[in-house]
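Inspection log for the structure reproduced underneath, given as C-alpha cells.
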Amino acid sequence: MRLGTTATTLLAATFALVGISAPTAGADGTPACKVDYTVNDWGAGFTASVTIGNLGGSPINGWRLTYSYAGNQTLQQGWNGTWSQSGQAVTVAGLPWNATVPPSGSVTTGANFAYSGSNAEPTDFAVNGSPCNGTTPPPPPPPPDGPAPALQVSGNHFVDADGKTVTLHGVNRSGAEFACVQGNGIFDGPVDAASVAAIKSWHANAVRVPLNEDCWLALSDVKPQYAGATYQNAIKDYVNLLHQNGLAAIVELHWTHGQYTGNSAGCSDVNATCQKPMPDAQYAPTFWSQVATAFKGDDSTVFDLFNEPYPDRATANGWTCLRDGGTCPGITYSVAGTQSLVNAVRAAGADNVIMVGGLAYTNDLSQWLTYAPTDPRHNLAASWHSYNFNTCSSSSCWDSQIAPVAAQVPLVAGEIGENDCGHSYVDGLMSWLDRHAASYLAWTWNTWDCSTGPALITSYDGTPTAFGAGIRAHFASF
C-alpha cells in the first residue's frame, strides 16, 4: 500500500426502532441474522423499513423473512422484496438482485400498511424459518498454539517440514516502515502478546511486517534511538513473538533510499521517507544481506524483496529494469534489480522463501514468469497486490494475468483491500484466490480511518471495521 496522508425530519411522524435477531449459522444451515425494524407512523397508516443483517460467517442465500402483527395492520404495497400477507402473518422474499446477504452485510426492504387502533411492533422475526433474536454468534475458537510452519516451495504451493500444504491467510502490520524515519518510535501501536493474540483470534496464520531501509542500516537521517541494532532487535523480537503464536512472518522492504521526482513520485526526498519506484543499488543489497543473515535458518520467515515496484511509470523497459536493475532511464539513482537482491540473500547463506513482485505497484504480473530472477534454491513465490482501485481489479484480468502465474509458482497476495470501508471487492477476490489455492494478507492491522484507506480494526483488541468484518468472517470460515 502506498501510504499517504475520509434524517430527514418528518413532522407528525413517530419513529420506533428495535434490534432483534438468530443464532449462528450451524451445520443445519440456520442463519445468524439481525432484524432492524423502523416505522414512520402517521396515524392511519405507516411505512415499515426492515433491514436483515447477516451476523454469521457464511452468506444467507435466498432469504425469506416472516413476522406477525398483533393488530389489524393491512399490507398496501412493498418494495425491495416480494411482500404478502395472510391474516396477521407477513412474508417477504428476496428478489434475484438482493437474494443473498453476505457475511457482515445487510439488505433492506420496506412496505406501506394501513391500520386503526394500536400498532405494536412485531417481535417474532424469522429468516428461512429460524428465529432472529439479536444474538451475535460467538467466534470460532482461535487456532491452537503450536510452532509456526517452516515454509518451502513445492511446485505452486508451500509445504511445511512434514510436506503438508500450507496456505497463508493473514494481515499486514504497518508501522515499522514509517515511524522510525519520522522520529516517532519503531511501531505504530502495540506489538505485545495481547496484540498478537488478537491477530491470531481472527484465524490468521501469517503477518507481513513492512521495514525501512534507512532505519535498519542506521543511516544518518534516522534518530539513533530508532535505528541500527535497536531497530533490528525490535523487528527480530516481534517476529519471534509471532512465531511463538504459530504465525509465519513476511518481512518486506517497503521504504528505501534514492531520490526520485519523476512520474508518480511519492516524495522528492533522497531518504527512505516514501515509496520509491525501485530499490536502490547503494543500500538495498546490503539491507537484504543483513536481513538474510538475521533470519537464516528460520524458515518460518519469508522475505518479500520490495513492496510495490513501479519502474514502468518511469521507463519503457520496466520488466528489464525490475529484474536487472542498473541504470534505468527515468530513474535518477542506480537501481538494484530483483536478481541482485536474490543473490544477496543466497550469498548470506539463507534458504528462506523469497517473494518477488511485478510492475504497476506489483499489481501487474503479466510477464512475471518471463522476467523472474534465477534462484539456485528454487524457492521463489510471486508477490501480488490487489485493491479495488488497481488496474487489474476484475476476475477477467485475474484469469488472464494472475492465474497462469499461480499455476506455476506459489502466489501470495501480500496486500488486499478496498478504500470504501466495505468488503464487497475483497469478498470476490478472496473467493477467487481460494479457488486458485493462493495465499493472501489484508492491509492493514492498524486503527486508521477505513474511509481513507483499508484499515482492518478500530482497536488493537481486534474489533473490526466494516471492512475488517468481512476479512474476519472469511478467515473464520476456513
Is there a side-chain contact between [X] and [Y] in this structure, where contact means two heavy atoms from C-beta onward sitting under 4.5 Å apart?
{"X": "V426", "Y": "N388", "answer": "no"}
{"X": "N98", "Y": "W63", "answer": "yes"}
{"X": "P279", "Y": "Y283", "answer": "no"}
{"X": "V166", "Y": "L151", "answer": "yes"}
{"X": "V356", "Y": "P373", "answer": "yes"}
{"X": "N212", "Y": "H254", "answer": "no"}
{"X": "T463", "Y": "I457", "answer": "no"}
{"X": "N307", "Y": "E415", "answer": "yes"}

Donor-acceptor side-chain pairing of [X] and [Y] below 3.5 angstrom:
{"X": "N172", "Y": "S174", "answer": "no"}
{"X": "D214", "Y": "H257", "answer": "yes"}
{"X": "T108", "Y": "T51", "answer": "yes"}
{"X": "N271", "Y": "T273", "answer": "no"}
{"X": "N240", "Y": "Q244", "answer": "no"}
{"X": "T301", "Y": "D298", "answer": "yes"}
{"X": "E308", "Y": "H385", "answer": "yes"}
{"X": "Q275", "Y": "W255", "answer": "no"}
{"X": "D324", "Y": "T320", "answer": "no"}
{"X": "D434", "Y": "S431", "answer": "no"}

| said: Using the rule given for salt bridge (Lys or Arg N to Asp or Glu O under 4.0 Å), can you reason through K296 versus D351, listing the C-alpha separation, both sets of side-chain angles and the distance that settles it, and then say yes or no? | reply: CA-CA 7 Å; K296 67 180 178 181; D351 63 359; over 6 Å; no
Mind listing the closest non-hydrogen atom pair of [X] and [Y] along with its distance?
{"X": "P277", "Y": "P311", "result": "O-CD, 3.6 Å"}
{"X": "G462", "Y": "A198", "result": "N-CB, 4.0 Å"}
{"X": "L433", "Y": "A413", "result": "CD1-CB, 4.1 Å"}
{"X": "A284", "Y": "L253", "result": "CB-CD2, 4.2 Å"}
{"X": "C274", "Y": "G266", "result": "SG-C, 3.7 Å"}
{"X": "A176", "Y": "I235", "result": "CB-CD1, 3.8 Å"}

| said: If you apply the rule side chain to side chain contact (heavy atoms under 4.5 Å, CB included), what do you find for V342 with T374, and how did you get there? | reply: CA-CA 8 Å; V342 169; T374 300; over 6 Å; no
To the closest 0.5 Å, what do you measure between [atom1] ([X]) and [atom2] ([Y])?
{"X": "C450", "Y": "E418", "atom1": "SG", "atom2": "CD", "result": "9.5 Å"}
{"X": "E177", "Y": "E213", "atom1": "CD", "atom2": "CD", "result": "14.0 Å"}
{"X": "D237", "Y": "D192", "atom1": "CG", "atom2": "CG", "result": "13.0 Å"}
{"X": "L365", "Y": "S383", "atom1": "CG", "atom2": "OG", "result": "8.0 Å"}
{"X": "D364", "Y": "C392", "atom1": "CG", "atom2": "SG", "result": "7.5 Å"}
{"X": "I416", "Y": "M430", "atom1": "CD1", "atom2": "CE", "result": "5.5 Å"}

| Pair S386-Y425, side chain to side chain donor-acceptor pair (under 3.5 Å): steps then yes or no | CA-CA 10 Å; S386 185; Y425 177 76; 2.7 Å; yes
| said: The criterion is salt bridge (Lys or Arg N to Asp or Glu O under 4.0 Å); which residues satisfy it with E252, sequence neighbours excluded? | reply: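 Partners of E252 by the salt bridge (Lys or Arg N to Asp or Glu O under 4.0 Å) criterion, ordered by chain and then number, come out as R208.
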| message | For T256 and D280: C-alpha separation, side-chain torsions, deciding distance, then whether side chain to side chain donor-acceptor pair (under 3.5 Å) applies. | response | CA-CA 7 Å; T256 52; D280 61 304; 4.6 Å; no
| Do the ring planes of Y310 and Y260 sit parallel (below 30°), tilted (30 to 60°) or perpendicular (above 60°)? |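 The arrangement is perpendicular - the two ring planes meet at more than 60°.
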| Parallel, tilted or perpendicular for Y231 and W216, by the 30°/60° rule? |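 Taking W216 first and then Y231, their aromatic rings stand perpendicular (interplane angle over 60°).
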| message | Can you list everything that forms a ring pair (Phe, Tyr, Trp, His ring centres under 6.0 Å) with H378? Sequence neighbours excluded, please. | response | none
| Partners of F303 by ring pair (Phe, Tyr, Trp, His ring centres under 6.0 Å), sequence neighbours excluded? | W288
| field | Evaluation steps, side chain to side chain contact (heavy atoms under 4.5 Å, CB included), between L456 and V171 | value | CA-CA 9 Å; L456 292 165; V171 301; 3.6 Å; yes
Do any N or O atoms from the side chain of [X] and from the backbone of [Y] form a donor-acceptor pair under 3.5 angstrom?
{"X": "S400", "Y": "C397", "value": "yes"}
{"X": "T293", "Y": "S289", "value": "yes"}
{"X": "S393", "Y": "F389", "value": "no"}

Centroid-centroid distance, [X] to [Y], less than 6.0 Å:
{"X": "Y238", "Y": "F187", "result": "yes"}
{"X": "F478", "Y": "H203", "result": "no"}
{"X": "W202", "Y": "W445", "result": "yes"}

| request: Only pairs at least two apart or in different chains count here, so list each side-chain hydrogen bond (donor to acceptor under 3.5 Å, both in side chains) that has a residue in residues 147-165. | output: Q152-D299, Q152-N379
| request: Would you list the pairs meeting side-chain hydrogen bond (donor to acceptor under 3.5 Å, both in side chains) in which at least one residue belongs to residues 327-336, sequence neighbours left out? | output: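 As it turns out, there is no side-chain hydrogen bond (donor to acceptor under 3.5 Å, both in side chains) pair with a partner in residues 327-336 once direct neighbours are skipped.
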| Taking it one step at a time, do V270 and D221 satisfy side chain to side chain contact (heavy atoms under 4.5 Å, CB included)? | CA-CA 10 Å; V270 68; D221 58 294; over 6 Å; no
| message | The criterion is side chain to side chain contact (heavy atoms under 4.5 Å, CB included); which residues satisfy it with T391, sequence neighbours excluded? | response | N363
| query | Do V251 and V302 pass the side chain to side chain contact (heavy atoms under 4.5 Å, CB included) test, and can you show the C-alpha distance, the side-chain angles, and the key distance before you say yes or no? | reply | CA-CA 6 Å; V251 293; V302 174; over 6 Å; no
| request: Take T315 and N317, measure what side chain to side chain donor-acceptor pair (under 3.5 Å) needs, and give me the verdict at the end. | output: CA-CA 5 Å; T315 178; N317 301 313; 4.6 Å; no
| message | Apply side chain to side chain donor-acceptor pair (under 3.5 Å) to residues T447 and T458 and explain how you reach the verdict. | response | CA-CA 5 Å; T447 55; T458 61; over 6 Å; no
